[in-house]
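Comments concern the structure below.
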Amino acid sequence: MRRRVGNGVQQIMADGVSLQDVVKSFSDMTGIPKLNLDVKEREIAVLAGTSGCGKSTTLRVIAGVEKVSGSSIFIAGRDVTWERPEQRGIAMAFHSCAHCPHENVGENVSFALRPAWVSKEEVAERVRRAAEMLELTPYLDWKPKDLSGGRRHRVAMGRESVRDAYCFLFDEPLSNFDARLRASKGTELSLLHKKPVVQ
Ligand SMILES: Nc1ncnc2c1ncn2[C@@H]1O[C@H](COP(=O)(O)OP(=O)(O)OP(=O)(O)O)[C@@H](O)[C@H]1O
Ligand SMILES: [Mg+2]
């Protein structure tokens with residue numbers, strides 16, 4: 001991939017996710033002051049910082065649910081700055097994620113696979129693996145409204161994990177695990193990367 005730098009010089013870039021001079025302003029607030037970030041393919045990046053420094057906004061910009069101007073965003077070697085979220089090949093689980101209230105946890109987790117060409121057996125297997133990793137197996141038949149907030153958030157993560165995406169974005173993925181699970185799940189999330197639900 002090539003990108004323009006400074007005075008028009010072209011620089012070769014590897015695949016992955018790359019943000020170039022990303023600035024995001026809201027009417028009277030700065031969401032992201034200025035950010036250059038290169039995450040190589042198959043790398044895990046963790047954004048850490050004080051509350052309000054722009055972590056969630058950065059994920060939303062990569063996902064395309066927030067637009068940026070005067071900036072460039074590359075995913076898998078493609079300039080996606082003006083692409084819609086569904087064109088970008090990413091999966092994202094945010095803090096406040098809507099669920100289908102009339103469907104159970106298993107159906108919610110498989111939601112994103114409906115338009116895709118995936119056999120019933122493969123859907124069932126991906127849901128099984130995601131539920132196991134997120135400790136949702138006992139709740140597959142439950143309705144989201146009957147779950148705790150933390151488990152509901154994990155349903156949203158499960159729904160994204162089963163997708164065949166180039167890049168997975170998780171906003172505060174460990175915040176809804178209790179202290180006991182937090183350490184082990186941090187390790188398992190990195191395993192999700194090495195050994196994805198979609199194989
Ligand atoms: N839709 C919006 N309208 C106006 N300001 C916004 C909007 N979204 C975010 N901001 C502002 O942008 C800044 C960055 O917010 P963001 O949610 O990205 O922070 P964060 O690093 O994720 O914080 P936290 O750790 O508390 O989740 C904050 O000052 C926030 O108030
Ligand atoms: Mg945030």
Side-chain angles (χ1 to χ4, degrees), residues 3 16-40 43-76 78-99 108-109 111-112 130 133-136 144 147-163 165-193 196-197:
R3 76 174 176 191
V17 173
S18 178
L19 307 187
Q20 188 188 348
D21 295 336
V22 165
V23 175
K24 177 67 191 172
S25 304
F26 298 101
S27 49
D28 54 347
M29 298 292 290
T30 302
I32 308 170
K34 183 168 180 177
L35 179 64
N36 286 288
L37 175 71
D38 283 313
V39 182
K40 295 193 196 76
E43 237 177 23
I44 299 180
V46 177
L47 301 180
T50 52
S51 184
C53 73
K55 304 178 293 294
S56 299
T57 306
T58 301
L59 297 183
R60 293 171 62 79
V61 158
I62 296 171
V65 292
E66 294 285 1
K67 290 278 170 246
V68 284
S69 53
S71 319
S72 298
I73 301 166
F74 296 88
I75 298 178
R78 209 174 68 247
D79 186 347
V80 301
T81 314
W82 301 109
E83 284 187 5
R84 293 195 303 276
E86 64 274 18
Q87 297 174 299
R88 296 189 180 196
I90 47 116
M92 53 182 175
F94 289 113
H95 226 41
S96 51
C97 287
H99 297 93
N108 267 278
V109 169
F111 179 81
M133 185 196 63
L134 295 162
E135 302 208 350
L136 289 170
L147 297 174
S148 68
R151 292 194 181 112
R152 271 204 297 273
H153 182 60
R154 284 188 254 152
V155 173
M157 288 172 61
R159 200 164 56 184
E160 298 309 314
S161 314
V162 298
R163 292 183 52 197
Y166 179 77
C167 167
F168 291 87
L169 304 173
F170 293 114
D171 195 3
E172 304 197 27
L174 300 177
S175 61
N176 282 305
F177 287 108
D178 59 33
R180 175 184 68 85
L181 289 176
R182 207 167 280 177
S184 63
K185 289 298 150 191
T187 315
E188 281 190 31
L189 279 177
S190 60
L191 277 178
L192 169 65
H193 183 256
V197 168

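Worth saying up front: this structure is predicted, and the values here are computed from it rather than measured. Worth knowing before you read on, the calculation uses all heavy atoms, side chains too, and leaves out hydrogens, waters and symmetry mates. Ligands are counted one by one from 1 in listed order, and the atoms in each one are counted from 1 as well. Numbers here are sequence positions counted from 1.
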Count the heavy atoms of every other residue, nucleotide or ligand shown that sit under 6.0 Å from OH of Tyr166, and state whether that count exceeds 12. yes
shortest atom 25 (O) of ligand 1-to-protein heavy-atom contact is with Lys55 NZ, 2.7 Å
Can you measure from CZ (Arg152) to CG (Asn108) and round to the nearest 0.5 angstrom? 11.0 Å
If you scan protein heavy atoms around atom 9 (C) of ligand 1, the nearest is Phe26 CE1, 3.4 Å
Arg60 and ligand 1 - part of the residue with a heavy-atom distance under 4.0 Å: neither
Give yes or no for whether the N/O distance cutoff of 3.5 Å, strictly under, is met between Gly49 and ligand 1. no
Give the residue, atom name and distance (to 0.1 Å) of the protein heavy atom nearest atom 17 (O) of ligand 1. Ser56 CB, 3.8 Å
Is there a heavy atom of Gly52 sitting under 4.0 angstrom from any atom of ligand 1? yes
Short question: side chain of Arg151, backbone of Pro144 - any donor-acceptor pair under 3.5 Å? no
With a cut-off of 4.0 Å, which atoms of ligand 1 are near a heavy atom of Thr30? 12 (O), 13 (C)
Residue pair Val23 / Val68, side-chain heavy-atom distance below 4.5 Å: no
heavy-atom search around atom 31 (O) of ligand 1 in the protein gives Met29 CE, 3.6 Å
Side-chain contact test, heavy atoms from C-beta onward, threshold under 4.5 Å: evaluate it for Leu19 versus Thr58 and give yes or no. yes
Which distance, rounded to the nearest 0.5 Å, do you find between the NZ of Lys24 and the CD of Glu66? 4.5 Å
I need the nearest protein heavy-atom contact for atom 16 (P) of ligand 1: residue, atom name and distance, please. Thr57 OG1, 3.5 Å
Pairwise distance CD(Gln87) to CD1(Ile90) - rounded to 0.5 angstrom: 11.5 Å
Looking only at side-chain N and O atoms, does Asp21 offer a donor or acceptor that is under 3.5 Å from a partner on Ser71? no
Find the distance between CE (Met157) and CZ (Phe168) and round it off to the nearest 0.5 Å. 11.0 Å
Tell me, which protein residue and heavy-atom name are nearest atom 26 (O) of ligand 1, and how many Å apart are they? Ser51 OG, 2.5 Å
Can you tell me if NZ on Lys34 sees more than 12 non-hydrogen neighbours from other groups inside 6.0 Å? no
Atoms of the protein (N/O/S only) found under 2.8 Å from the Mg ion (ligand 2): Ser56 OG
Proximal ligand 1 atoms for Glu172, defined as those under 4.0 Å from one of its heavy atoms: 27 (O)
Number the atoms of ligand 1 from 1 as they appear, then name those within less than 4.0 Å of a heavy atom of Gly31, with their elements. 12 (O), 13 (C), 14 (C)
Taking side chain as C-beta onward, heavy atoms only, is Glu83 less than 4.5 Å from Ile75? no
Do Leu147 and Arg154 have side chains that approach each other closer than 4.5 Å (heavy atoms only, starting at C-beta)? no
